[in-house]
Peer 1: 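Starting off with a structure, shown below.
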Amino acid sequence: MPELPEVEHVRRGLEPWAVGSRIESLRVLDPRILGTTSKRTVDATAVDRLTASVPGGLVEGACRRGKFMWLPLATGSVFPDSAPEVPAGWAVALHLGMSGQVRIHTADDAVHRHTRAVFDMRSADGAPWQMRFVDQRIFGHIGLEPLVTGLGSPRLVAASAARIAPDPFEDGFDAEGLARTLKGRRTAIKAALLDQGVVSGIGNIYADEALFAAGVHPAARTDRLRISRIENTLHAARAVMARAIEAGGTSFDELYVNVNGESGYFDRSLGVYGKAGSPCTRCGETVRSSTIAGRTSHWCPSCQKPQRRY
DNA sequence: AGAATAACCTGTCTGC
DNA sequence: TGCAGACAGGTTATTC
């Protein structure tokens, strides 16, 4: 559920707490949260290695690219005895997956049912607090990762985000150049928007909303769209996500909340997502849905006609 | 190259 | 009321 606007809202909530704080200890309540894809291969020593490594880590920032988030740690503040050779340093990586949450707590707050990991933190002024990673479905992930050079810019990113393209809010994001690249590919525009190696941060909700805003059919092939239409769609994605950030993100239930457990309200502004069978707010035509690029997609057949030619 | 599938999970909702 | 089945905001590996 969390796409770029939701992750950004979490990042903004976390930043003032985390930056300048030191990690005192980490408790992993469910080892599966350390896995990325093949959860079964989380080896027995992974939890011990992680919990032994992070104490002492001094948080220097709260960063995000697309849906990936990480907290860079001060050089030398982790692995006190034998620091592995990592040129650019380490970071605590946090990916929310489908149902992940980062919550700020004090030690005596009741522990939520789906809490998978608890970081005991101490702020610069000595105040203790907890960063808890809550995740119902365990598609999320936490880890201690090296910082590496990311795609498309000299920026450092956590290793798990090494193959993630810049998101539409980064300086290195080039909508026109990207539109030209996509013109040379033969894929549904929706598949391109969802491909985090092309442009990051866009998920199923904002892909559909961006396409609706731009008046482009989700199944339209990029090689059959004018470059300007592709570029407009990318600008639309940025614009719709910017509005969602302002609204605190989109949530349909309690699965997406900010660090204080509060929901966003952008769902009230959605144009087509989840509105199959309802009249289009722009023209009154009935919104349709079907599977495109492997995901349930929503569009207005009148506002988003299939593009056959230029 | 790109599409389709399955896998990783838990919870909720729908229909019989 | 119970139960099977479908479905959910993401990512990755594999197969065709």
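Quick note on labels: first sequence line is chain A, next is B, and so on, each numbered from 1.
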Peer 1: Please report the distance, rounded to the nearest Å, between CG in A:D135 and C1' in B:dT10.
Peer 2: 10 Å
Peer 1: Which whole-number value in Å describes the distance from A:R65 CZ to C:dT11 P?
Peer 2: 14 Å
Peer 1: Reckon A:Y273 touches a base, only the sugar-phosphate, or nothing at all at heavy-atom distances under 4.0 Å?
Peer 2: sugar-phosphate
Peer 1: Could you check whether A:A188 gets within reach of a base, just the sugar-phosphate, or nothing at all, counting any heavy atom under 4.0 Å?
Peer 2: sugar-phosphate
Peer 1: Strictly below 4.0 Å: does A:R113 bring a side-chain N or O up to OP1 or OP2 of B:dG11?
Peer 2: yes
Peer 1: Rounded to whole angstrom, note down the P distance from B:dA6 over to C:dG5.
Peer 2: 16 Å
Peer 1: Run the salt bridge (Lys or Arg N to Asp or Glu O under 4.0 Å) test on A:R103 and A:D109 for me, step by step, so that the C-alpha distance in whole Å, both residues' side-chain angles and the decisive distance to 0.1 Å come before the verdict.
Peer 2: CA-CA 11 Å; A:R103 305 286 290 268; A:D109 287 341; over 6 Å; no
Peer 1: Do the ring planes of A:F68 and A:H95 sit parallel (below 30°), tilted (30 to 60°) or perpendicular (above 60°)?
Peer 2: perpendicular
Peer 1: With a 4.0 Å limit, can you tell me whether A:H95 has a side-chain N or O closer than that to the phosphate oxygens OP1/OP2 of C:dT11?
Peer 2: yes
Peer 1: Once you apply a heavy-atom cut-off of 4.0 Å, does A:F68 come out as touching a base, just sugar-phosphate, or nothing?
Peer 2: sugar-phosphate
Peer 1: For B:dG11 and A:H114 - does any side-chain N or O of the residue sit under 4.0 Å from the phosphate oxygens OP1/OP2?
Peer 2: yes
Peer 1: Under 3.5 Å for both donor-acceptor distances, Watson-Crick or wobble: does C:dG9 have a partner, and if so which one?
Peer 2: none
Peer 1: Using a cut-off of less than 4.0 Å, is there contact between a side-chain N or O of A:S99 and OP1 or OP2 of C:dA8?
Peer 2: no
Peer 1: Can you check the A:M98 CE to B:dA7 P distance for me, whole Å?
Peer 2: 16 Å
Peer 1: What contact category does A:G203 fall into here, base, sugar-phosphate, or nothing, at under 4.0 angstrom with non-hydrogen atoms?
Peer 2: sugar-phosphate
Peer 1: Is the closest basic N to carboxylate O distance between A:D208 and A:K190 below 4.0 Å?
Peer 2: yes
Peer 1: Looking at C:dG10, I'd like to know if its phosphate oxygens (OP1 or OP2) sit under 4.0 Å from a side-chain N or O belonging to A:R295.
Peer 2: yes
Peer 1: Using atom CG of A:L96 as one end and atom P of C:dT11 as the other, report the distance to the nearest whole Å.
Peer 2: 10 Å
Peer 1: Using only heavy-atom distances, determine whether the side chains of A:S99 and A:D135 contain a donor-acceptor pair under 3.5 Å.
Peer 2: yes
Peer 1: Could you tell me the Watson-Crick or G-U partner of B:dC9, where both distances fall under 3.5 Å? Say none if there is no partner.
Peer 2: none
Peer 1: Under 4.0 Å from OP1 or OP2 of B:dT10: is there any side-chain N or O of A:R32 that close?
Peer 2: yes
Peer 1: Side-chain donor or acceptor of A:R137 under 3.5 Å from a matching atom on the base of C:dA8?
Peer 2: yes
Peer 1: Which part of the nucleic acid does A:S251 contact within heavy-atom distance under 4.0 Å: base, sugar-phosphate only, or nothing?
Peer 2: base
Peer 1: Looking at B:dT10, C:dG9, C:dT11, which one has an atom nearest to any side-chain atom of A:Q196?
Peer 2: C:dT11
Peer 1: Consider only side-chain N and O atoms of A:W299 and A:S290, and report whether a donor and an acceptor are under 3.5 Å apart.
Peer 2: no
Peer 1: In whole angstroms, how far is the P atom of B:dA3 from the CD1 atom of A:I292?
Peer 2: 12 Å
Peer 1: Please state how far atom NZ in A:K67 lies from atom C1' in C:dT12, giving the value in whole angstrom units.
Peer 2: 13 Å
Peer 1: Mind calculating the distance between CD (A:E6) and P (C:dA8) to the nearest angstrom?
Peer 2: 17 Å
Peer 1: May I ask whether A:F139 stacks on the base of C:dG10, given the cut-offs of 5.5 Å between ring centres and 30° between planes?
Peer 2: yes
Peer 1: Can you see whether A:Y265 engages A:S251 through a side-chain donor-acceptor pair at a distance of less than 3.5 angstrom?
Peer 2: no
Peer 1: Give the nucleotide from the list C:dT11, C:dA13, B:dA3 with an atom nearest to the side chain of A:R163.
Peer 2: C:dA13
Peer 1: A:L194 has an atom CG; how far is it from atom P of C:dT12, in whole Å?
Peer 2: 13 Å
